[in-house]
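All values derive from a computational prediction rather than experimental measurement. Because only heavy atoms are used, hydrogens play no part in the values below, and waters and symmetry mates are left out as well, while side chains stay in. Residue numbers run from 1 in the order of the sequence given.
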Amino acid sequence: MQIKIYSPKDCSTSVWTGGATTELWLWPEDGNYASRDFQARISSATVRLEESDFTSLPGVVRYITPLSGGFTLSHPDGRTVTMAPLDEPYRFDGGTATHCSGKATDFNLMLKGVGGSMMVMGGGLTVNAGICCVYPVDGGDVTVDGKALSVEPGGLAVIHMEKDERATIEATKAIVCRIFI
């Protein structure tokens with residue numbers, strides 16, 4: 001098992017017409033989001049416009065939940081979802097047109113050609129095989145198999161496990177992303 005802690009200073013931020021996006025983690029590490037050369041990406045975006053449209057990402061499965069504020073996402077087929085902070089993450093096809101109404105700071109997982117999931121947790125969780133990324137919502141300790149890891153606010157703990165490994169993760173309030181590579 002390998003564990004790496006990313007702090008906000010390790011992250012890159014880009015500005016777009018509706019706000020800014022901070023890339024917290026990208027897999028593989030030598031991938032590139034701009035050229036869509038990645039398998040997994042975790043980011044947090046600040047949406048400053050009351051109305052905006054998401055970037056079309058064909059072939060990408062997206063998960064999203066607000067960290068603060070809230071929004072309503074709508075698709076051309078009539079599906080809509082209204083979300084408040086730390087609601088159950090919404091999963092959707094990144095290639096589907098997505099309109100956003102509302103201002104928020106959100107948390108995103110993007111998957112391209114790999115499986116995975118995103119959940120909001122408080123307490124403990126046992127995971128095995130693959131990559132598990134833990135974002136403590138207010139920063140603070142994340143415990144992995146009884147060992148406390150200090151994660152700055154806005155930081156991320158990334159745990160790589162081989163197929164025969166498992167770990168028990170504990171955090172007071174966190175977003176957990178699983179990636180099956």
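- The main-chain N or O of Ala167 is never found under 3.5 Å from a side-chain atom of Asp145 such that the two would form a donor-acceptor pair.
- At least one donor-acceptor pair under 3.5 Å links the side chain of Thr65 to the backbone N or O of Asp87.
- Residues Cys132 and Val176 approach most closely at SG-CG1, 3.6 Å, considering heavy atoms.
- Using a 4.5 Å cut-off on side-chain heavy atoms (C-beta onward), Phe71 and Asp106 make contact.
- Considering only heavy atoms from C-beta on, Glu162 comes within 4.5 Å of Asp164 through its side chain.
- Ile131 forms part of a hydrophobic cluster together with Tyr6, Leu24, Trp25, Trp27, Ile42, Val61, Tyr63, Leu67, Leu86, Phe107, Leu109, Leu111, Val114, Met118, Val120, Tyr135, Val137, Leu156, Val158, Ile175, Ile179, Ile181, judged by ILVMFWY side-chain heavy-atom separations under 4.5 Å.
- Donor-acceptor pairing under 3.5 Å is lacking for the side chains of Thr80 and His75.
- In plain terms, the two heavy atoms of Ser44 and Thr105 that are nearest each other are OG-CG2, 3.7 Å.
- In this structure, Arg36 forms no cation-pi arrangement with Phe38, as its terminal cationic atom is not both closer than 6.0 Å to the ring centre and no more than 45° off the ring axis.
- Listed for the His99 side chain is a donor-acceptor partner under 3.5 Å among the backbone atoms of Ser52.
- Listed here is the closest heavy atom pair of Pro85 and Ser68: CG-CA, 3.9 Å.
- When the shell of 6.0 Å around CZ of Arg79 is examined, it contains more than 12 heavy atoms from other residues, nucleotides or ligands.
- In terms of modelled atom types and a separation under 3.5 Å, the side chain of Arg178 and the main chain of Asn128 share a donor-acceptor contact.
- Taking all atoms of both residues into account, the shortest heavy-atom contact from Ala174 to Pro136 is CB-CA, 4.0 Å.
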Set out, in order, the CA-CA distance, both residues' side-chain angles and the distance that settles side-chain contact (heavy atoms from CB on, under 4.5 Å) for Ser101 and Glu51, then state yes or no.
CA-CA 5 Å; Ser101 299; Glu51 302 287 331; 3.0 Å; yes

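- Here the shortest heavy-atom pairing between Met121 and Ile169 reads CE-O, 3.9 Å.
- Residues Leu125 and Met119 form a side-chain contact, since some pair of their non-hydrogen atoms from C-beta on lies under 4.5 Å apart.
- Atom CD of Glu152 is separated from atom NZ of Lys9 by 5.5 Å, given to the nearest 0.5 angstrom.
- Side chain of Ser150 to backbone of Asp141: no donor-acceptor contact under 3.5 angstrom is found.
- Heavy-atom minimum distance, Cys100 versus Phe54: CB-CE1, 3.6 Å.
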